[in-house]
Amino acid sequence: MKILIVRFSSIGDIVLTTPVARCLKTQLGAEVHFLTKEGYADLLVANPHIDKLYLIRDSISPALTDLHRERYDYIVDLHNNLRTLLLRLGLRRRFLSFQKLNWQKWLLVNAKINRLPDRHIVDRYLDAVRKLGVQNDGQGLDAYVPKGQKVRPAHLFPYLKKTRQKHYLAIAIGAAHATKRLPEEKLIELCQSLDLPIILLGGAAEAAQGERIAAACGARVFNACGQLSLGQSASVLQQARVVISHDTGMMHLAAAFRKPLLSVWGSTVPSFGMYPYVPTTVQKYDIVEVVGLSCRPCSKIGFDRCPKGHFRCMKDQSVESLVARVRRHWEGSEL
């Protein structure tokens, strides 16, 4: 059986599809191909459960001829939008797709009525292939660092080499929308309150903010934002002792690496079904959120600014509580 999985973006969504690829490969012995955007290749290129990776930039058209030749038994559409509908029509192969919950999310955001099922999106992805006999193996997410992209933290972060320390806290400071991110002053206060080596992770968009945070906190804090590839950032997460992340793809990568994790939530909520997904045997993560705010969630993806103007979902976050949780995970994690 030859199967094409389709998920174009983004970091977290692609990581959340990895149990489907693994279960198709290990339970059915299928030849598994994956179609995604070129920018996310680092997430999948080293995955042993994927036999062939098809990459696109903006258009699917250049890949269509090659995809036609594959004559797939099934297309597993885990993006399920207009572009993937056109792809399915163009390839004329049998397909399986997952059920989106757009109206339920709209109801929760706009009326604060929760009709969402108490199921993670990974389980809903796996529902798409259940008719093939696939079952959830309970092993969580997969993440692999591509060859040649493993980072040596002591070479990256001079403070580690100088103090001969191996362990550090990784903080993923970014998110696609501002209402999913802790304010800069909170991040500075958090870093100043922790007597630990800290590596800040993010893309080019977070580079300037990372520099300001590092400058305010001294040599213990290293700004890696904008300096690493996606694969290298994954390597830094993999070797961290504890990770703090907003509701972003870095959170899902940390969960895939089974890292002790503080998952910080603002305008979005775990009820959307995209909280950290870990095997039951793995140490639990912490969900960090301000409960009891009548305005949450204000969006299913976030805004550039708080629509109410007060931004209490992040400004009311307790740095003292975050510090206590980090220390508990730090002391309890394996050396």
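Numbers here simply count residues along the sequence, with the first being 1.
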Query raised in the report: Does any donor atom in the side chain of Asp137 or Gln27 lie under 3.5 Å from an acceptor atom in the other side chain?
Result: no
Query raised in the report: Centre of Tyr159's six-membered ring, under 6.0 Å away, within 45 degrees of the axis: is that where NZ or CZ of Arg220 sits?
Result: no
Query raised in the report: Taking atom types as modelled, is there a side-chain donor on Tyr72 or Arg94 under 3.5 Å from an acceptor on the other?
Result: no
Query raised in the report: Name the one of Arg328, Arg327, Lys259 that satisfies salt bridge (charged side-chain N to carboxylate O under 4.0 Å, His left out) with Asp286?
Result: Arg328
Query raised in the report: For Asp247 and Tyr275, does a side-chain donor sit closer than 3.5 Å to a side-chain acceptor?
Result: no
Query - Side-chain donor-acceptor contact under 3.5 Å, Glu31 with His33 - result: yes
Query raised in the report: When you check the gap from the basic side-chain N to the acidic O, do Arg93 and Glu70 get nearer than 4.0 Å?
Result: no
Query - Ring-ring centroid check Phe303 His177, cutoff 6.0 Å - result: no
Query raised in the report: Do we see a donor-acceptor contact under 3.5 Å between the side chains of Ser235 and Gln239?
Result: yes
Query - Ser318 and Glu320 side chains, donor-acceptor separation under 3.5 Å - result: no
Query raised in the report: Which word best sums up how the rings of His79 and Phe8 line up, parallel for under 30°, tilted for 30 to 60°, or perpendicular for over 60°?
Result: tilted
Requested in this report: Could you verify whether a donor N or O on one side chain and an acceptor N or O on the other, from Ser321 and Arg325, lie under 3.5 Å apart?
Outcome: yes
Query raised in the report: Under 3.5 Å, is there a donor-acceptor pair between the side chain of Gln317 and the main chain of Trp265?
Result: yes
Requested in this report: Return yes when atom CZ of Arg152 has more than 12 non-hydrogen atoms of other residues, nucleotides or ligands closer than 6.0 Å, and no otherwise.
Outcome: no
Query raised in the report: Side chains of Asp142 and Asn47: do they bring a donor and an acceptor to under 3.5 Å?
Result: no
